[in-house]
Peer 1: 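Would you mind keeping the following structure in view while I ask a few things?
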Amino acid sequence: MTKDLEAKDREALAQAPPSRAKKYLWTFAGLVVAVGGAYGGGRLQMQSELTTARHELQASTQLQASQRRELVELEARRRIHLAIIELDQNNFGTAQEHVRAGAALLQPPASADVAALGAAMRTLELAPSVELVGQRQALLQLASKFDALRPPKSSPSPSPSP
């Protein structure tokens, strides 16, 4: 009879609805798994976006450095032009200052060709003279060498009007 009673108790327990504590425990466990999965998925996505942002930052930093070098070189070229203008007006000291300022801009880590151009600018001496042709020609040669190193970028052709 005890065996019958035990069997009946087991059947009753198996057929009985789950207790509230078990329901809450399973609900809580499911919630923890869902929140953990959402956290893990969000972390993976954020890590991917962070890696992409780092690559974009590195590329933009390199582009900025390249553009800054180009700007400095163009300023040195402008200084050559200003020196030519000042030489034509017999302002030898001001012309020499422009040449020195331009040469100071073309210091390493510039490319070898640009550094050589800077060295040529540092050795150029503009002195008061009746014969300006030689000095002007030296400045024009510097400008030509610079233009050969950094040819102007082609401008986009204008689009036809309808």
Side-chain angles (χ1 to χ4, degrees), residues 1-86 94 96-124 139-162:
M1 193 169 230
T2 347
K3 287 185 180 181
D4 287 338
L5 239 128
E6 286 178 14
K8 284 182 183 179
D9 284 343
R10 277 186 256 161
E11 283 180 30
L13 281 176
Q15 291 176 356
S19 68
R20 280 187 157 167
K22 279 188 174 180
K23 277 185 179 178
Y24 289 129
L25 183 63
W26 280 107
T27 303
F28 180 72
L31 182 64
V32 167
V33 169
V35 168
Y39 173 78
R43 183 152 172 93
L44 285 175
Q45 182 181 5
M46 193 57 139
Q47 195 69 21
S48 172
E49 289 176 8
L50 182 62
T51 302
T52 302
R54 283 185 180 147
H55 289 295
E56 289 175 357
L57 176 64
Q58 185 179 18
S60 67
T61 303
Q62 290 172 348
L63 177 64
Q64 181 185 20
S66 170
Q67 289 175 339
R68 190 171 279 152
R69 276 191 306 272
E70 185 178 351
L71 178 67
V72 166
E73 291 172 4
L74 289 173
E75 175 61 20
R77 171 59 177 91
R78 186 181 80 86
R79 291 297 189 134
I80 294 170
H81 180 75
L82 291 173
I84 292 170
I85 292 171
E86 293 298 330
T94 307
Q96 188 68 49
E97 287 175 17
H98 285 304
V99 171
R100 294 287 179 248
L105 292 171
L106 298 180
Q107 299 217 4
S111 68
D113 294 332
V114 173
L117 185 61
M121 289 173 71
R122 281 187 283 285
T123 60
L124 181 65
L139 286 172
L140 288 173
Q141 285 177 351
L142 283 174
S144 295
K145 286 179 185 177
F146 187 92
D147 291 343
L149 290 175
R150 299 287 183 260
K153 295 178 180 168
S154 61
S155 58
S157 59
S159 59
S161 299

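All values below come from the heavy atoms of this structure, side chains included, with hydrogens, waters and symmetry mates left out. One-based numbering along the sequence shown.
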Peer 1: With no hydrogens and no angle check, is any side-chain donor or acceptor of R100 less than 3.5 Å from a backbone partner on R122?
Peer 2: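 Yes, because the side chain of R100 sits within donor-acceptor range (under 3.5 Å) of the backbone of R122.
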Peer 1: State, to 0.1 Å, how close V99 and A83 come at their nearest heavy-atom pair, and which atoms those are.
Peer 2: CG2-CB, 3.6 Å
Peer 1: What donor-acceptor contacts under 3.5 angstrom involve side-chain atoms of residues 43-53, with partners at least two apart or in another chain?
Peer 2:
unit_1, atom_1, unit_2, atom_2, d
Q45, NE2, E49, OE2, 3.4
T51, OG1, Q47, O, 3.0
T52, OG1, S48, O, 3.0

Peer 1: Table please: side-chain donor-acceptor pairs of residues 58-68 below 3.5 Å, with sequence neighbours left out.
Peer 2:
unit_1, atom_1, unit_2, atom_2, d
S60, OG, E56, O, 3.2
S60, OG, L57, O, 3.0
T61, OG1, L57, O, 2.7

Peer 1: Hey, can you pull the donor-acceptor pairs under 3.5 Å for the side chains in residues 140-151, sequence neighbours left out?
Peer 2:
unit_1, atom_1, unit_2, atom_2, d
S144, OG, L140, O, 3.0
D147, OD1, R77, NE, 3.0
D147, OD2, R77, NH2, 3.3
R150, NE, E73, OE1, 2.5
R150, NH2, E73, OE1, 3.1
R150, NH2, E73, OE2, 3.2

Peer 1: Rounded to the nearest 0.5 Å, how far apart are CG of L117 and CD1 of I80?
Peer 2: 5.5 Å
Peer 1: Indicate the atoms forming the closest heavy-atom contact of R79 with A101, along with that distance.
Peer 2: NH1-CB, 3.5 Å
Peer 1: With Q96, which residues qualify under side-chain hydrogen bond (donor to acceptor under 3.5 Å, both in side chains), at least two apart?
Peer 2: none
Peer 1: For R78, what residues pass the salt bridge (charged side-chain N to carboxylate O under 4.0 Å, His left out) criterion, not counting sequence neighbours?
Peer 2: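 R78 satisfies salt bridge (charged side-chain N to carboxylate O under 4.0 Å, His left out) with E75 once adjacent residues are dropped.
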Peer 1: What distance separates L71 CG from L105 CG, expressed to the nearest 0.5 Å?
Peer 2: 9.5 Å
Peer 1: Compare every heavy atom of A76 with every heavy atom of G102, then report the nearest pair and how far apart it is.
Peer 2: O-CB, 3.6 Å
Peer 1: Not counting sequence neighbours, which residues clear side chain to side chain contact (heavy atoms under 4.5 Å, CB included) with E97? List them please.
Peer 2: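 With sequence neighbours excluded, E97 shows a side chain to side chain contact (heavy atoms under 4.5 Å, CB included) to no residue whatsoever.
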